[in-house]
Amino acid sequence: MKILVLNCGSSSIKYQVFDMRDESVMAKGVVERIGIEGSFLEHNAEISGKKTKIEEEVPDHNTGVGKVIEILQDEEYGVLKSIDDIKAVGHRVAHGGEAFPQSALVEDEEFKEIKDLSRLAPLHNPHNAAGIQVVRELLPSVPQVAVFDTSFHQSMPEKAYIYALPYEFYKEMGVRRYGFHGTSHKFVAQRAAREMGKAMEDLKIITAHLGNGASITAIDRGKSVDTSMGFTPLEGLAMGTRCGDIDPAIVPFLQKNRGWDAEKVENVMNKESGLLGISGISNDSRDVEEAAEEGNHRAQIAVDIFCYRVKKYIGAYAAAMGGLDAIVFTAGIGENSDIVRKEALEGLDFLGVKLDPGKNKARRKFAEISSPESRVKVFIVPTNEELVIARDTHELVNGSS
Ligand code: AMP
């Protein structure tokens with residue numbers, strides 16, 4: 001069975017085609033700058049090794065998905081004889097609210113719910129829904145599945161997801177912690193458990209998804225019991241451009257002192273803060289780490305703040321779970337930066353965490369990086385959200401036929 005996985009953002013569509021017989025990737029690519037001058041499609045036919053970049057106007061998502069369907073059947077760069085070979089389409093959807101504790105087949109009712117959830121994720125769900133709509137039009141007989149960033153965290157207890165605000169805010173407006181990156185946290189925790197030769201149900205794991213967006217999750221016996229992102233992906237760790245945890249009183253302070261409206265404050269906290277805001281150099285951790293090594297003080301405190309927050313959350317989550325068996329690092333920074341991993345785990349010997357400096361040099365591949373005497377295992381696990389989407393899609397579509 002061949003499955004197309006789509007991740008539709010505001011101006012981009014990422015895609016992968018999986019052959020589920022062996023879960024291999026047949027093709028992958030991205031349509032970028034949709035609706036903006038200079039749009040292009042970059043396509044990589046994994047099975048033949050042929051790559052191409054097509055620079056063409058892509059005014060909207062409809063045209064974008066159309067181009068993906070076209071290239072997948074292309075004589076030279078295609079990987080399918082006919083688009084009818086695609087038996088299901090899986091979508092990454094940012095917000096599933098409380099309606100979707102699991103991935104779901106998208107029929108009319110689910111589609112409406114996903115669109116309605118745009119009130120909670122106005123920057124993401126409308127584009128995810130647009131992708132579903134386009135596939136409905138272009139491939140009307142193909143079943144579609146939505147896999148949500150929030151679902152895995154629906155197992156959190158009330159004490160972790162209710163904010164200490166008037167309770168009606170939760171009941172009337174849905175103001176609560178939802179958490180994000182759920183597919184990634186689940187995937188890397190499962191892999192770590194497998195490597196330890198244990199069931200998730202027997203383990204307490206902390207997963208640190210450290211990319212441009214970053215979040216950390218406490219997984220107690222297979223269930224997410226707390227996570228650092230909250231009502232939106234702004235809460236928690238310091239990120240590339242997002243501030244993460246701050247005193248909420250800073251918001252009205254800025255509004256009063258700078259005369260900013262809500263939108264301006266939101267923009268600064270989402271796009272001008274984090275590594276970029278502190279260092280004044282870049283949101284890319286490589287640039288910031290390099291500048292720190294060259295002695296730039298602001299870059300050094302940006303790295304220190306980033307790592308210190310990870311460490312604080314590890315301590316908090318070990319306490320919340322009453323123990324810890326493994327820590328997993330994933331995503332761009334988590335998989336690559338030995339500096340961040342080392343600094344975030346420094347001084348955690350009292351918790352039974354001991355890093356092996358040599359093994360910690362590993363990058364972008366699975367590795368156990370704790371020393372043999374470390375009671376808590378530490379792993380690097382490359383994340384693969386697309387594969388989780390393909391697996392859930394496969395399971396749901398096969399289960400329904
Ligand atoms: P992601 O959002 O998962 O794609 O991660 C993006 C982040 O990973 C950026 O901050 C990159 O700078 C960072 N990253 C990627 N490769 C490396 C590397 N070799 N060393 C440090 N950070 C890296």
Side-chain angles (χ1 to χ4, degrees), residues 5 7-16 28-30 32 42 44 92 94 123-124 149 179-189 191 207-217 227-229 232-234 236-244 270-294 296 298-310 328-345 355 357 359-367 369 379-389:
V5 171
N7 181 353
C8 296
S10 58
S11 63
S12 73
I13 301 170
K14 296 197 189 92
Y15 64 92
Q16 288 197 20
K28 64 173 156 191
V30 63
E32 297 246 33
E42 229 166 37
N44 196 342
R92 180 180 189 177
L123 301 179
H124 296 100
D149 271 21
F180 298 86
H181 292 144
T183 40
S184 176
H185 288 292
K186 183 176 164 191
F187 177 81
V188 301
R191 173 81 195 267
T207 48
H209 178 112
L210 311 179
N212 202 24
S215 69
I216 184 161
T217 296
T227 191
S228 59
M229 283 182 170
T232 73
L234 185 55
L237 301 174
M239 309 181 209
T241 58
R242 289 177 229 159
C243 59
N270 271 294
K271 302 205 170 128
E272 297 174 25
S273 301
L275 294 177
L276 173 66
I278 306 162
S279 70
I281 292 171
S282 168
N283 66 314
D284 191 308
S285 69
R286 283 168 288 203
D287 303 338
V288 182
E289 283 178 16
E290 206 177 296
E293 265 165 38
E294 286 162 6
N296 183 302
R298 278 176 60 179
Q300 187 60 56
I301 46 175
V303 174
D304 292 347
I305 290 168
F306 188 91
C307 299
Y308 178 60
R309 289 247 183 119
V310 175
V328 187
F329 287 96
T330 192
I333 301 172
E335 291 168 28
N336 286 293
S337 175
D338 54 317
I339 295 175
V340 166
R341 292 189 298 255
K342 174 172 173 284
E343 196 173 328
L345 299 185
L355 208 55
K359 292 180 188 161
N360 186 38
K361 293 283 174 209
R363 277 172 194 269
R364 281 225 180 274
K365 58 171 196 227
F366 173 84
I369 57 172
F379 297 103
I380 299 170
V381 179
T383 194
N384 193 341
E385 290 159 288
E386 292 77 14
L387 178 58
V388 179
I389 297 171

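Just so you know, ligand 1 is whichever comes first in the structure, and atom 1 is the first atom listed for that ligand.
Near Gly211, the atoms of ligand 1 lying under 4.0 angstrom from a non-hydrogen atom of the residue are 1 (P), 2 (O), 3 (O), 5 (O). Taking every heavy atom of Ile333 and a limit of under 4.0 angstrom, the matching atoms of ligand 1 come to 7 (C), 8 (O), 10 (O), 13 (C). When each atom of ligand 1 is checked for a heavy atom of Arg363 under 4.0 Å away, the hits are 18 (C), 19 (N), 20 (N).
A donor-acceptor pair under 3.5 Å is formed between the side chain of Ser228 and the backbone N or O of Ile216.
Under the salt bridge (charged side-chain N to carboxylate O under 4.0 Å, His left out) criterion, Glu385 pairs with Arg92, not counting sequence neighbours. With sequence neighbours left out, the salt bridge (charged side-chain N to carboxylate O under 4.0 Å, His left out) criterion links Glu289 to no other residue.
For atom 2 (O) of ligand 1, the nearest non-hydrogen atom of the protein is Asn212 N, 2.9 Å. Nearest non-hydrogen protein atom to atom 17 (C) of ligand 1 is Asn336 CB, 3.4 Å. Scanning the protein heavy atoms around atom 10 (O) of ligand 1, the nearest turns out to be Ser285 N, 3.2 Å. Remark: minimum distance from atom 3 (O) of ligand 1 to any protein heavy atom is reached at Gly332 N, 2.9 Å. Taking atom 11 (C) of ligand 1 as the reference point, the nearest protein heavy-atom neighbour is Asp284 OD1, 3.5 Å.
The cationic atom of Arg191 (NZ for Lys, CZ for Arg) lies less than 6.0 Å from the six-membered ring centre of Phe366 and within 45° of the ring axis.
Counting heavy atoms of neighbouring residues, nucleotides and ligands inside a 6.0 Å radius, atom NZ of Lys14 does not exceed 12 of them.
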